Amino acid sequence: MITRFAPSPTGHLHLGHAYSLARGLKAIAWGGEIRLRIDDLDATRCRPEYVTALHEDMDWLGVSFDGPVMVESERVAAYDEALEGLRRRGLLYPCFCTRKDIEAALAAPHGDPGAYYPGTCRDLPDDPARREAEPHSWRLDHEKALALTGGLPSWQDHEGTMHFAQPADLGDAILARKDAPAAYHLACVLDDAAQGVTLVTRSADLAGSTPIQRLLQQLLGLPEPRYLHHRIVVNGDGKRLAKRDQAPTLRQMRADGVDGPALLDALMDERLPLGYRLADPT
Ligand code: GLU
């Protein structure tokens, strides 16, 4: 079993990250490996000092990872190659919509509020002027993709085989953006495969990503991992911990004299520090 811990260096790590790490360590407690990946594709929010800080946090917790560390910003060639392949197969289309355009289209009377993207650019006529213009993003045509793979993907979670309800719920996901060489879904499936990950451990709020990621794995001929979507750590008010809300960081806990390895042991046994609990499964 090979699992991974894949933080984004957009802030200091907090208890929720340590819990995620603990779930991965617990999963391999009887044998296996845990690998580290730095999800640093969001150039506007990621900072090198947070990468340094996360290594310090790992040292404090007493965790060492197996194999080399994967850094997403160093993997652009692999993302480009996959995108080019999907483009050649006619599965991607350029999208010129801004976030604002999409919100406006969804609010329009005929817009489908259930869809992630109203499909504005899906069947644009081939216009030479547009061919010259730089698209805002590249989207996966989920209808074409599903026709190729033969239907909705399922996945194996710790609760059994999971199915996704509606093809439309998949939406035409963005796979690359003007300002990012690969969007999260694409980078995630390519990197999980390249790291040999057989168990994806992550919090339940990312479970919604799994159907589209399974679809991409099928399209790209990547192996199917198993999934462990764990419950989210919340504070006393039931609020999930978030970097932007200044949730207490691991480095703050270290400064307060908390014993790192003891904390990690407790989290592996699902014992949380006072004032925190696990959210109910949804
Ligand atoms: N980098 C993501 C995060 O920090 C996790 C991605 C994943 O586990 O698939 O939220």
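When a ligand or atom number is given, it counts from 1 through the structure's own listing order. Since we're looking at a predicted model, the values are computed, not measured. FYI, the numbering just counts along the sequence from 1.
Taking only nitrogen or oxygen atoms, main chain and side chain alike, Tyr184 reaches within less than 3.5 Å of ligand 1. Every N/O-N/O distance between Arg37 and ligand 1 stays at or above 3.5 Å. Any N or O atom pair closer than 3.5 Å counts here, and Pro7 shares no such pair with ligand 1. Between Asp39 and ligand 1, at least one N/O pair is under 3.5 Å apart.
Under the 3.5 Å distance criterion, the side-chain polar atoms of Lys144 are matched with a main-chain donor or acceptor of Gly90. At distances below 3.5 Å, at least one donor-acceptor pair connects side-chain atoms of Thr198 with backbone N or O atoms of Ile2. Judged by distance alone, the side chain of Arg139 and the main-chain N or O of Asp172 form a donor-acceptor pair under 3.5 Å. Using a distance-only test at 3.5 Å, with no hydrogens or angles considered, no donor-acceptor pair links the side chain of Asp42 to the main chain of Cys46.
Between Met70 and Arg75, some side-chain heavy-atom pair lies under the 4.5 Å cut-off.
Salt bridge present: Arg37 and Asp192 bring a charged side-chain N and a carboxylate O closer than 4.0 Å.
For Arg4, the closest heavy-atom approach to ligand 1 falls below 4.0 Å.
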Let's go through Arg4 and Asp191 carefully: what are the C-alpha distance in whole Å and the side-chain angles of both, what is the deciding distance for salt bridge (Lys or Arg N to Asp or Glu O under 4.0 Å) to 0.1 Å, and is it a yes or a no? CA-CA 10 Å; Arg4 46 61 157 188; Asp191 295 346; over 6 Å; no

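Heavy atoms of Val200 found under 4.0 angstrom from ligand 1: none, in either backbone or side chain. Neither the backbone nor the side chain of His185 has a heavy atom within less than 4.0 Å of ligand 1. Contact annotation for Cys188 and ligand 1: only side-chain heavy atoms (C-beta onward) come within less than 4.0 Å of the ligand.
Close approach of ligand 1 to Ala6 (heavy-atom distance below 4.0 Å) involves ligand atoms 1 (N), 2 (C), 3 (C), 4 (O), 5 (C).
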